[in-house]
Amino acid sequence: MADTFFSMFTPEEIARISASGTRVTLPEGWAPISESTAADKAYVVLDGTVSVRSHGTEVARLGPGDIVGERAILNHSLRTATIVALTPLELIHFTKEQLDRLDVEMPTFHEALEKTAAARFPQTTS
């Protein structure tokens, strides 16, 4: 199985990260992130599957333990993809402020965000 964002952390770190956000449930078909919008939130998938779509074309499917929405926050840019729930979802919602706080308080969190973004978009340099 492929590494996920959460696989880079200890159980204690996962608990701390999870406690920093808000747990939400979304129905199938919902799009919590839309292409070309402001980078004001990110999500970690706890349960379910999402489709990552760029210009209407699916470019990836992500599931439990994966983070979505991190790239635009890291790059201070507009969203490059739309995220669509392929199944009902359980997520941890993070505001930009919550992510910024984790970034400062947990160096491992920042490293994992950078590693995830670099793996997904190798041509992107920070």
Side-chain angles (χ1 to χ4, degrees):
M1 182 171 190
D3 286 341
T4 66
F5 179 70
F6 264 4
S7 70
M8 293 183 247
F9 299 101
T10 65
E12 294 78 15
E13 288 172 324
I14 290 172
R16 183 172 175 188
I17 293 164
S18 298
S20 297
T22 304
R23 196 171 178 138
V24 296
T25 304
L26 298 178
E28 180 178 343
W30 192 269
I33 291 177
S34 298
E35 196 167 357
S36 300
T37 61
D40 60 349
K41 62 188 168 236
Y43 297 92
V44 171
V45 179
L46 296 176
D47 189 43
T49 304
V50 299
S51 172
V52 181
R53 300 175 183 172
S54 181
H55 305 291
T57 301
E58 183 173 280
V59 295
R61 284 192 180 195
L62 300 173
D66 286 316
I67 190 167
V68 294
E70 83 293 340
R71 182 179 182 215
I73 289 173
L74 281 173
N75 292 337
H76 307 288
S77 64
L78 292 178
R79 302 287 184 191
T80 58
T82 296
I83 306 301
V84 178
L86 297 177
T87 65
L89 298 176
E90 283 189 46
L91 307 166
I92 301 172
H93 169 268
F94 296 97
T95 64
K96 183 180 183 317
E97 293 74 23
Q98 289 167 323
L99 288 174
D100 288 345
R101 192 174 322 114
L102 279 170
D103 205 44
V104 170
E105 294 174 358
M106 289 181 68
T108 53
F109 185 81
H110 178 79
E111 292 164 15
L113 281 180
E114 292 282 351
K115 184 177 178 182
T116 299
R120 290 183 185 164
F121 306 97
Q123 73 281 8
T124 302
T125 56
S126 295

Output all residues satisfying ring pair (Phe, Tyr, Trp, His ring centres under 6.0 Å) with Phe9, sequence neighbours left out; order by chain, then residue number. Phe5
Can you give each donor-acceptor pair under 3.5 Å made by side-chain atoms of residues 19-27, sequence neighbours left out, with the distance rounded to 0.1 Å?
from  : atom 1 : to    : atom 2 : distance (Å)
Ser20 : OG     : Arg16 : O      : 2.9
Arg23 : NE     : Glu90 : OE1    : 3.4
Arg23 : NH2    : Glu90 : OE1    : 2.5

What pairs with Asp100 under salt bridge (Lys or Arg N to Asp or Glu O under 4.0 Å), at least two apart in sequence or on another chain? Lys96
When hydrophobic residues are tied together by side-chain contacts of less than 4.5 Å, even through go-betweens, does Ile33 share a cluster with Ile92? no
Run through the side-chain heavy atoms of Ile, Leu, Val, Met, Phe, Trp and Tyr, join any pair under 4.5 Å, and report what else lands in Val84's cluster. none
Whether the side chain of [X] engages the backbone of [Y] through a donor-acceptor N/O pair (distance < 3.5 Å, no angle test) should be reported.
X: Thr4; Y: Ser7; result: yes
X: Gln98; Y: Thr95; result: yes
X: Ser18; Y: Ala15; result: no
X: Asn75; Y: Ala72; result: no
X: Glu114; Y: Glu111; result: no
X: Thr116; Y: Ala112; result: yes

Report yes if some heavy atom in the side chain of [X] is under 4.5 Å from a heavy atom in the side chain of [Y]; otherwise report no.
X: Glu70; Y: Ile73; value: no
X: Asp40; Y: Arg79; value: yes
X: Leu91; Y: Val68; value: no
X: Trp30; Y: Leu89; value: no
X: Arg61; Y: Leu86; value: yes

Which pairs of donor and acceptor atoms, one on a side chain in residues 42-53, lie under 3.5 Å apart (sequence neighbours left out)?
from  : atom 1 : to    : atom 2 : distance (Å)
Ser51 : OG     : Arg53 : NE     : 2.9
Ser51 : OG     : Glu58 : OE1    : 2.6

Nearest-0.5 Å distance that lies between atom CD in Glu97 and atom CG in Asp103: 13.0 Å
Using 0.5 Å steps for rounding, measure from the NZ atom of Lys41 to the NE2 atom of His93. 6.0 Å
Do Asp66 and Phe6 pass the side-chain contact (heavy atoms from CB on, under 4.5 Å) test, and can you show the C-alpha distance, the side-chain angles, and the key distance before you say yes or no? CA-CA 7 Å; Asp66 286 316; Phe6 264 4; over 6 Å; no
Pairwise ring pair (Phe, Tyr, Trp, His ring centres under 6.0 Å) hits with a residue in residues 47-75, at least two apart: none
Just by distance, with hydrogens left out, do Thr80 and Glu35 show a side-chain donor and acceptor under 3.5 Å apart? no
